[in-house]
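Accompanying notes for the structure given below.
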Protein chains: 2
Amino acid sequence: MTASDPGELDFWSFVELANRRLAREYGFRHQLATELLLTLNRASNIVTYDLEASVHRPRGLSWSGFRLLFVTWLAGPLESKKAAELTGMSRAAVSNLAKTLVSDGLLSREAGSRDGRSVLLSLTDTGHQEMVEVFRVHNEREDEWAGVLSPEEQRILIMLLDKLVTNRDQFDVRGRN
Amino acid sequence: MTASDPGELDFWSFVELANRRLAREYGFRHQLATELLLTLNRASNIVTYDLEASVHRPRGLSWSGFRLLFVTWLAGPLESKKAAELTGMSRAAVSNLAKTLVSDGLLSREAGSRDGRSVLLSLTDTGHQEMVEVFRVHNEREDEWAGVLSPEEQRILIMLLDKLVTNRDQFDVRGRN
DNA sequence: TGAAACTAGTACATCTATTAACTAATGTGA
DNA sequence: TCACATTAGTTAATAGATGTACTAGTTTCA
């Protein structure tokens with residue numbers, strides 16, 4: 001199994017080819033790490049793209065828009081800063097996104113009382129209704145994806161992904177502002 | 001452990017809170033799936049952001065730029081279409097990106113001989129040199145990330161991620177063009 | 001108390017990615 | 001063989017995300 005014909009290359013034979021060349025021709029040593037991160041990146045992109053394209057875009061929401069509304073729905077009212085942390089976006093992204101969601105009538109902003117600089121995000125009634133409906137579809141789709149794995153496998157996967165990112169204080173990781 | 005004080009919310013207590021509310025207040029049933037996909041998305045974003053910010057941006061490469069050069073390096077010369085498949089980008093994205101990488105002197109394009117419509121991408125000498133150097137740093141960083149897990153755990157993680165996305169023909173998945 | 005350091009949010013310029021529409025080459029089948 | 005459908009790639013308009021710089025509120029501590 002050489003997979004050297006580029007015409008036949010799919011993702012897996014590419015990873016195999018890449019590993020072989022990186023090791024033999026260039027002497028790189030951390031093949032398994034490369035394979036892991038390529039696979040992680042790819043899996044996340046595929047799933048995310050599908051959810052966005054099949055569930056959210058048709059209803060006029062972007063993936064980020066959904067994520068912001070999602071955390072606001074379940075943990076709101078939330079300070080903008082907190083929303084950025086939970087969604088993994090930058091503060092600037094939340095600010096921009098909030099502007100459009102407010103003008104769509106889904107999100108509402110009011111000044112924070114505790115801290116005069118802060119802004120509290122919460123859902124409007126329309127936003128709340130919309131989330132309940134969108135999430136119904138979203139959750140079914142999630143289950144189709146996850147259903148490929150047994151509950152036990154899902155739990156292991158969650159545990160490993162968590163372990164991968166929570167021990168990151170052991171070295172100096174670059175995160176968003 | 002209630003984590004109901006929003007001031008204390010981190011990603012994990014948010015997931016817990018979300019699960020509880022989705023189940024109790026709204027009756028949604030697929031908690032584990034939600035948790036899995038949230039975790040997958042987050043892990044991928046954190047790792048990718050760190051690699052981009054610590055390795056690639058300082059050298060003037062975007063994450064996508066790196067990915068395109070990476071596949072071209074190891075599997076090239078490649079048709080544009082194939083590069084899009086392997087990197088998971090749209091054809092338009094590859095086309096745009098190639099334009100800038102060509103003008104940076106890293107990538108070269110020539111007409112395909114077999115098919116008059118196609119374009120073959122390959123690295124310039126500079127591009128090749130650059131990749132060998134960038135990847136040295138990239139690969140060390142990958143190993144720092146992956147090193148949190150044992151090789152056995154890494155293999156299991158790869159296997160599970162792979163299983164998650166390869167059985168997707170069982171339902172109708174939306175992919176990029 | 002008041003100056004300096006810090007923090008939350010926003011504005012702006014830039015860059016990237018997306019979809020849709022288009023051009024040109026290729027394949028297909030009556 | 002010739003019309004029709006497909007396919008590869010590019011372009012253009014738009015949307016979204018980034019970093020930087022700025023404003024304004026808050027904290028710190030001399």
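The chains referred to below are lettered A, B, ... by the order of the sequence lines, with proteins before strands, and numbering in each begins at 1.
- Nearest-nucleotide mapping onto DNA chain D: of A/D115 and B/D115, the residue sitting toward the 5' end is B/D115.
- In this structure, A/R42 satisfies the cation-pi test against A/F11, with its NZ or CZ atom closer than 6.0 Å to the six-membered ring centre and inside 45 degrees of the ring normal.
- When the C1' atom of C/dT18 is taken as reference, atom CD of A/E52 falls 9 Å away, rounded to whole Å.
- Here D/dA8 presents its C1' atom at 12 Å from CD of B/E85, a figure rounded to the nearest Å.
- Take the nearest nucleotide of DNA chain C for A/A53 and for A/A98: the residue whose nucleotide is more 5' is A/A98.
- We find that CZ of A/R67 is positioned 12 Å from C1' of D/dG16, with the value rounded to whole Å.
- In this structure, CG of B/L97 is placed 12 Å from P of D/dT10, rounded to the nearest angstrom.
- The pair B/D143-A/R29 does not count as a salt bridge, with every side-chain nitrogen at least 4.0 angstrom from each carboxylate oxygen.
- Toward the 5' end of DNA chain D, the nearer of the two residues A/L61 and B/S95, judged by each one's closest nucleotide, is B/S95.
- Every residue meeting the side-chain contact (heavy atoms from CB on, under 4.5 Å) condition with B/L120, not counting sequence neighbours, appears here in chain and number order: B/E79, B/E110.
- Atom CG in A/D104 sits roughly 9 Å away from atom P in D/dG16 (whole-Å rounding).
- In this structure, B/L78 and B/L86 have side chains that are in contact, with non-hydrogen atoms separated by less than 4.5 Å.
- Looking at the side chain of B/S118, the nearest of the listed nucleotides D/dT10, D/dA8, C/dT18 is D/dA8.
- Atoms CZ (B/R109) and C1' (D/dG9) sit 9 Å apart, rounded to a whole Å.
- For the pair A/K81 NZ and C/dA8 P, the computed distance is 4 Å after rounding to whole Å.
- Judged by atom type and distance alone, B/R91 reaches the base of D/dG9 through a side-chain donor-acceptor pair under 3.5 Å.
- For D/dA15, neither phosphate oxygen OP1 nor OP2 lies less than 4.0 angstrom from any side-chain nitrogen or oxygen of A/R57.
- Within 4.0 Å (heavy atoms only), B/N96 reaches at least one base atom of the nucleic acid.
- For the pair B/S90 and C/dT18, the criterion of a side-chain N or O lying under 4.0 Å from OP1 or OP2 is met.
- For A/R141 and A/E144, the salt-bridge test passes: some basic side-chain N is under 4.0 Å from an acidic carboxylate O.
- The A/S64 side chain lies nearest to D/dG16 when the options are C/dC12, D/dA8, D/dG16.
- Residue contacts for A/S62: at a heavy-atom cut-off of 4.0 Å it reaches the sugar-phosphate backbone alone, with no base atom in range.
- Atom CG of A/L68 and atom P of C/dG9 are 12 Å apart (whole Å).
- No N or O donor and acceptor, one from the side chain of A/R117 and one from the base of D/dT26, sit under 3.5 Å apart.
- The side chain of A/K99 contributes an N or O atom lying less than 4.0 Å from OP1 or OP2 of C/dA11.
- Set against C/dG9, D/dA17, D/dT10, the side chain of A/E79 has C/dG9 as its closest nucleotide.
- OP1 or OP2 of D/dG19 has at least one side-chain nitrogen or oxygen of B/Y49 nearer than 4.0 Å.
- Checking side-chain atoms of B/T124 against main-chain N and O of B/L106 turns up a donor-acceptor pair under 3.5 Å.
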